[in-house]
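So you know, we letter chains A, B, ... as the sequences are listed, proteins then strands, and number each from 1.
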2 protein chains.
Amino acid sequence: MSEIPNEKILTKMEELLNVASDYTRLKILYAIMDEDKSVSTIIEEVGASQSLVSHQLKVLKRANLVATHKEGTKVFYKLADEHVNSLLKVVQQHAEE
Amino acid sequence: MSEIPNEKILTKMEELLNVASDYTRLKILYAIMDEDKSVSTIIEEVGASQSLVSHQLKVLKRANLVATHKEGTKVFYKLADEHVNSLLKVVQQHAEE
DNA sequence: TTGAAATATGAACAAACATTCATATAATTG
DNA sequence: CAATTATATGAATGTTTGTTCATATTTCAA
């Protein structure tokens, strides 16, 4: 029997879904799905402006969907955990049928 | 190797995630997760106004996340398919840790 | 057919948000 | 240091969206 989760959980769920539910951010998440990549690489692969990608990376980071590390002047982003992967897979399956 | 899905798929994914990413709609989805329920029952369990619930049910219906059938003056809503269940489970797991 | 119960719809509004443009900061190299 | 490359930040803006209030529609019973 699945009850409605409490407010705290629901709010967290809402936040995760909200962050994932954007065209540009979805593209970014896929871009860094298999290996971490620098911002400039992400910009290329996603095909959006430098500013937009940077802004959206910040949104993803604030929501803990991605993690970063620095190498010289470059910043590398990767998915924060496996849940993000699972989420994308489930949603993609739904979208593909 | 996971490539970035094409525009059509991404747009569908974005739509599904968008529709799911709302506090009221999440509550509604959970309310009808195990069995279909009438709008009045959903209103009670979700604890939102009649108008709001009705508006959000329409959003869920337009996006094909729920299906309906009528019995007299009552309208019953249920989840449209199993993907919605899986999606909620994955997201809830992420939110609960 | 009048009334009541259940659901849907439309207008209105504030709040949130994606994107762009311009500018700032940080690190590296000559 | 100056110049350049990589990334971040902030303001501005047009659009979308969640919610409320008021009203409409539908179905059934008396």
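- To the nearest angstrom, P of C:dT28 lies 12 Å from NZ of A:K74.
- In this structure, B:H69 and B:D36 have side chains that are in contact, with non-hydrogen atoms separated by less than 4.5 Å.
- Counting heavy atoms from C-beta outward, A:V66 and A:L29 have side chains that approach closer than 4.5 Å.
- The CD atom of B:E14 sits 12 Å away from the C1' atom of C:dC17 (whole-angstrom rounding).
- A:F76 comes within 4.0 angstrom of nothing in the nucleic acid, heavy atoms only.
- Looking at B:K78 and B:E35, their side chains never come closer than 4.5 Å, going by heavy atoms from C-beta outward.
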**OP:** Show your working on side-chain hydrogen bond (donor to acceptor under 3.5 Å, both in side chains) between B:S40 and B:S38 and close with a plain yes or no.
**Re:** CA-CA 5 Å; B:S40 36; B:S38 70; 3.2 Å; yes
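- The pair A:K37-A:E45 counts as a salt bridge, with a side-chain nitrogen and a carboxylate oxygen less than 4.0 angstrom apart.
- Using a 4.0 Å cutoff on non-hydrogen atoms, the parts of residues 22-40 of chain B near DNA chain C are B:S38, B:V39, B:S40, ordered by number.
- Taking the six-membered ring for Trp and thresholds of 30 and 60 degrees, A:H94 and B:H83 have ring planes more than 60 degrees apart, a perpendicular arrangement.
- In this structure, the side chains of A:M33 and B:I4 stay at 4.5 Å or more apart for every pair of heavy atoms.
- Taking atom CG of residue A:L17 and atom P of nucleotide C:dC17, one finds them 14 Å apart after rounding to whole Å.
- Look at CG on A:L10: it is 15 Å from P on D:dG18, rounded to the nearest Å.
- Applying a 4.0 Å cut-off to non-hydrogen atoms, the residues of residues 41-70 of chain B that approach DNA chain C are B:Q50, B:S51, B:S54, B:H55, B:K58, listed by residue number.
- Between the OH atom of A:Y77 and the P atom of D:dT7 there is a distance of 9 Å, given to the nearest Å.
- A:Q56 and A:Y23 form no side-chain donor-acceptor contact under 3.5 Å, judged by distance and modelled atom types alone.
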